[in-house]
Amino acid sequence: MGSGVVSPRNQSPTTAPVADRVGLGWWVGFEGGTFLGWWDLGRSDSTVDAPVSSDQAEIGWRVMSRQWRRGLATEGALLLLDHGFRTLGLQRIWAETMAVNYPSRGVMTKIGMHHVRTHVREWQDPLPGADEGEVLYEITATQWRQQIGNRPAFDAVRGS
């Protein structure tokens with residue numbers, strides 16, 4: 001990746017061994033020696049020995065605030081979609097965020113995901129905006145193939 005995000009093609013993910021075996025994990029991005037953020041493709045729970053689905057995964061990202069508005073979340077997410085669908089053979093990739101997190105929702109839309117539902121959860125110590133709920137977005141392998149065709153992920157990132 002041009003901005004220094006580690007591509008799934010040249011870096012092994014590092015998570016629980018059960019996730020590693022199927023190609024899921026966490027990737028980090030650097031530009032020079034500057035940490036940009038992380039991207040993950042995995043399961044939604046944090047139980048190390050929980051079963052891993054072979055046909056679907058959750059995608060996520062966290063980019064350092066000083067790196068926002070550079071397209072890094074989108075760039076890394078597109079590469080992970082490519083890895084998930086083309087390399088791992090996943091059939092569905094989904095993401096979840098707070099309804100008020102418009103930047104992440106924008107990334108989800110930009111990478112071809114669509115809104116599935118909004119639901120409100122009960123939290124002991126809710127963050128501002130929690131009353132507006134959580135949103136779920138998804139994209140299927142078929143939708144991804146229609147969107148990207150046979151282009152490499154790098155071309156999709158660059159809008160080629």
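Heads up: numbering here begins at 1 and tracks the sequence. Being a predicted model, the structure only gives us computed values, none of them experimental.
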Do [X] and [Y] make a side-chain contact, defined as non-hydrogen atoms from C-beta onward lying under 4.5 Å apart?
X	Y	result
W144	I111	no
F85	R145	no
V63	W39	yes
L88	H83	yes

Tell me every residue that passes side chain to side chain donor-acceptor pair (under 3.5 Å) with T34, counting only those two or more places apart in sequence or in another chain.
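Not a single residue meets the side chain to side chain donor-acceptor pair (under 3.5 Å) criterion with T34.
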Between [X] and [Y], what is the shortest heavy-atom contact and its length?
X	Y	result
A57	L24	CB-CD2, 4.0 Å
I93	G84	CD1-CA, 4.1 Å
F35	W38	CZ-N, 4.2 Å

Please list, chain by chain and in numerical order, all residues satisfying side-chain contact (heavy atoms from CB on, under 4.5 Å) with [X], sequence neighbours excluded.
X	value
T97	N101, S104, R105, M108, V135
H119	E96, R117, R121, E134
V116	H114, L136, E138
T109	Y137

Donor-acceptor contact below 3.5 Å, side chain Q143 vs main chain T140:
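Here the side-chain-to-backbone pair exists.
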Look at the side-chain heavy atoms of Ile, Leu, Val, Met, Phe, Trp and Tyr, link any pair under 4.5 Å apart, and say whether L36 and W68 land in one connected group.
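Yes: a chain of side-chain contacts under 4.5 Å links L36 to W68.
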Linking I/L/V/M/F/W/Y whenever their side-chain heavy atoms sit closer than 4.5 Å, directly or via other members, would V100 and V120 fall into one cluster?
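No; V120 is not reachable from V100 via cluster members.
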Mind checking the [atom1]-[atom2] spacing from [X] to [Y]? Nearest 0.5 Å is all I need.
X	Y	atom1	atom2	result
E31	L72	CD	CG	7.5 Å
Q147	T142	CD	OG1	12.5 Å
L80	L41	CG	CG	5.5 Å
T118	E132	OG1	CD	10.0 Å
Q91	I139	CD	CD1	12.0 Å

Apply ring-ring contact (aromatic ring centres under 6.0 Å, His included) to W61 and list each qualifying residue two or more places apart in sequence or on a separate chain.
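So W61 forms no ring-ring contact (aromatic ring centres under 6.0 Å, His included) with any residue.
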